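Given the structure is predicted, the values throughout are model-derived calculations rather than measurements.
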Amino acid sequence: MPQLTEPANLPPAPFTGDRSVLADTTLRQAVRVTTGGHRIRLRFSHVHGDTPLPLTAVTVALPSDGQAGVCAIEPGSLWRVAFAGRDAATVPVGAQLVSDPLDFDVRAGSDLTVTACAALDPPGALDPLPDRRTGPDRLRPGGT
């Protein structure tokens with residue numbers, strides 16, 4: 001059973017419209033790595049969404065000074081993320097999408113900064129981030 005996003009927890013305008021959520025918006029999210037390694041893959045879940053979720057560009061980087069929740073990233077650490085060799089992909093309704101492997105050295109317990117752009121207008125419900133106490137940074141217009 002999905003955890004529904006309450007109206008008071010939706011992003012403010014201009015990120016939420018009458019018939020859409022996060023239209024033409026870029027999200028920057030801190031991600032904690034549990035297992036270190038030399039390659040990473042990102043998984044985007046849209047298991048509880050009711051419309052396809054377009055990802056027009058995704059990047060991963062190290063946050064500035066290794067601090068989670070900061071907007072700035074370490075210079076030279078930004079990498080584009082691909083899906084089946086392409087920069088853009090669509091996460092189908094009720095599904096998950098996994099990126100191509102990316103050569104990126106990470107230590108267990110470190111933080112990454114993932115930036116995802118949904119430049120198209122995805123109407124309907126998007127998967128919520130349950131129990132997330134620090135929201136993602138929202139940037140306008142779309143782009144990474």
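- When the side-chain contact (heavy atoms from CB on, under 4.5 Å) test is applied to Glu74, the partners found at least two apart in sequence or on another chain are Leu62, Ser64, Asp65, Ser77.
- For the salt bridge (Lys or Arg N to Asp or Glu O under 4.0 Å) test, residues two or more places apart in sequence or in another chain that qualify with Arg32 are Asp111.
- Counting only distance, with no hydrogens or angles, the side chain of Thr26 and the backbone of Ala116 share no donor-acceptor pair below 3.5 Å.
- Between Thr59 and Val114 there is no side-chain heavy-atom pair separated by less than 4.5 Å.
- Taking both residues in full, the closest heavy atoms of Ala108 and Thr34 are given as CB-O, 3.5 Å, listed atom of the first, atom of the second, then distance.
- For Asp103, the side chain to side chain donor-acceptor pair (under 3.5 Å) partners at least two apart in sequence or on another chain are Arg39.
- Ile73 belongs to a hydrophobic cluster whose other members, connected by ILVMFWY side-chain contacts under 4.5 Å either directly or through intermediates, are Leu78.
- The distance from atom CG of Leu97 to atom CG of Leu55, rounded to the nearest 0.5 Å, is 7.0 Å.
- Going from atom CG of Leu42 over to atom CG of Asp100 covers 10.5 Å, rounded to the nearest 0.5 Å.
- Residues Ser110 and Val106 come closest through the heavy atom pair OG-CB, 4.1 Å.
- Counting heavy atoms from C-beta on, the side chains of Val58 and Thr115 never come closer than 4.5 Å.
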Exercise answer: donor-acceptor pairs, residues 81-94 side-chain atoms, under 3.5 Å, sequence neighbours excluded:
none

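- Among all heavy-atom pairs drawn from Ala68 and Ala30, the shortest one is CB-CB, 4.1 Å.
- To the nearest 0.5 Å, atoms CG (Leu112) and CD (Gln29) are separated by 12.0 Å.
- Listed by chain and residue number, Arg41, Arg43 satisfy the side-chain contact (heavy atoms from CB on, under 4.5 Å) test with Val98 (two or more places apart in sequence, or in another chain).
- Atoms CD1 and CG, from Ile40 and Asp105 in turn, are 10.0 Å apart once rounded to the nearest 0.5 Å.
- Residues Val60 and Thr113 form no side-chain contact, since every pair of their non-hydrogen atoms from C-beta on lies 4.5 Å or further apart.
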